Amino acid sequence: MRSSSTSGPGGSADGSVIQESSVRAHMEFLASDAMNGRGSGTRDEWIAVTYVASHLRRLGLEPMGDNGGYIQTISMERPELSAPPVLTIGSRKFTHGAEITVGAMGAATVSGAVVKHTKGTPAARGAAVVTPAAAEVATELAAASLILTKTGGCGPQRGPAAALPR
């Protein structure tokens, strides 16, 4: 077995030794804020995929992607809203980007109970959930059909405050 000082970043040159520090270094890069969440179809996802592909090539693994490479391109449909979502409760209307921020929507039209989220409690399936910080409790909100926060309440903005949700 080679010593780590003469081996590549993943352990030995033939890839037979995996070192915790190497795995941690790759994970830290791929999960870092610099990758902006690696959303599907984004430039950051392409950077992450290219990074992983280059390491697969270095390890000598058989390519199974497009054109004999390590990356496979697929087509994805991404529905986009044509106008900001509006929440109507009785006669009151709240518009995304003005009075509320819609963090996520499960469908173009959502109807159901509006409930305040209590940290530590999973959201009911199909509920419209009001929460001050959706990013901190994302797994608890997975069943919700609509996630609402106070404008600017979703944590750091990665785009314009009134950008439409996906």
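One is the number of the first residue; the rest follow in order along the sequence. Values below: every heavy atom of this structure, side chains too, minus hydrogens, waters and symmetry copies. This is a predicted model, so every value here is computed, not measured.
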Pair Asn36-Thr42, side-chain contact (heavy atoms from CB on, under 4.5 Å): steps then yes or no:
CA-CA 9 Å; Asn36 295 308; Thr42 65; over 6 Å; no
Phe94: ring-ring contact (aromatic ring centres under 6.0 Å, His included) partners, not counting sequence neighbours:
none
Might you point out which heavy atoms bring Ala143 and Ala123 nearest each other, and give the distance in Å?
CB-O, 3.6 Å
Check whether any side-chain heavy atom of Ile89 lies under 4.5 Å from a side-chain heavy atom of Val114, and answer yes or no.
yes
Could you report the tightest heavy-atom contact between Gly69 and Pro63, atom names first, then the distance?
O-CB, 3.2 Å
Rounded to the nearest 0.5 Å, what separation is found between the CG atom of Leu61 and the CG atom of Leu56?
5.5 Å
Applying salt bridge (charged side-chain N to carboxylate O under 4.0 Å, His left out) to Glu20 and not counting sequence neighbours gives Arg24
Parallel, tilted or perpendicular, as decided by the 30° and 60° cut-offs, for the rings of Tyr51 and Phe29:
tilted
Quick one: are Leu30 and Val52 in side-chain contact, heavy atoms under 4.5 Å?
yes
What's in the same ILVMFWY side-chain cluster as Trp46, cut-off under 4.5 Å, chained through other members?
Val49, Ile71
Nearest 0.5 angstrom please: Glu45 CD to Arg43 CZ, how far?
13.0 Å
Nearest-0.5 Å distance, CG of residue Asp33 to CE of residue Met35
11.5 Å
Test item: Leu146 and Val129 side chains (from C-beta on) under 4.5 Å apart, heavy atoms
no
Once rounded to the nearest 0.5 Å, what's the spacing between atom CD of Gln72 and atom CG of Asn67?
11.0 Å
First locate atom CE of Met27, then atom OG of Ser22, and finally report the distance between them rounded to the nearest 0.5 Å.
11.5 Å
Pairwise distance NE2(His96) to CG(Leu81) - rounded to 0.5 angstrom
8.5 Å
Do you know the tightest heavy-atom contact between Ser145 and Gly126?
OG-O, 2.7 Å
side-chain contact (heavy atoms from CB on, under 4.5 Å) between His117 and Leu141: does it pass, once the steps are laid out?
CA-CA 8 Å; His117 178 254; Leu141 303 176; 3.5 Å; yes
Keeping Tyr70 on the side-chain end and Thr50 on the backbone end, is there a donor-acceptor pair under 3.5 Å?
no
Grab the two heavy atoms, one from His26 and one from His55, that are nearest each other, plus how far apart they are.
CE1-CE1, 3.2 Å
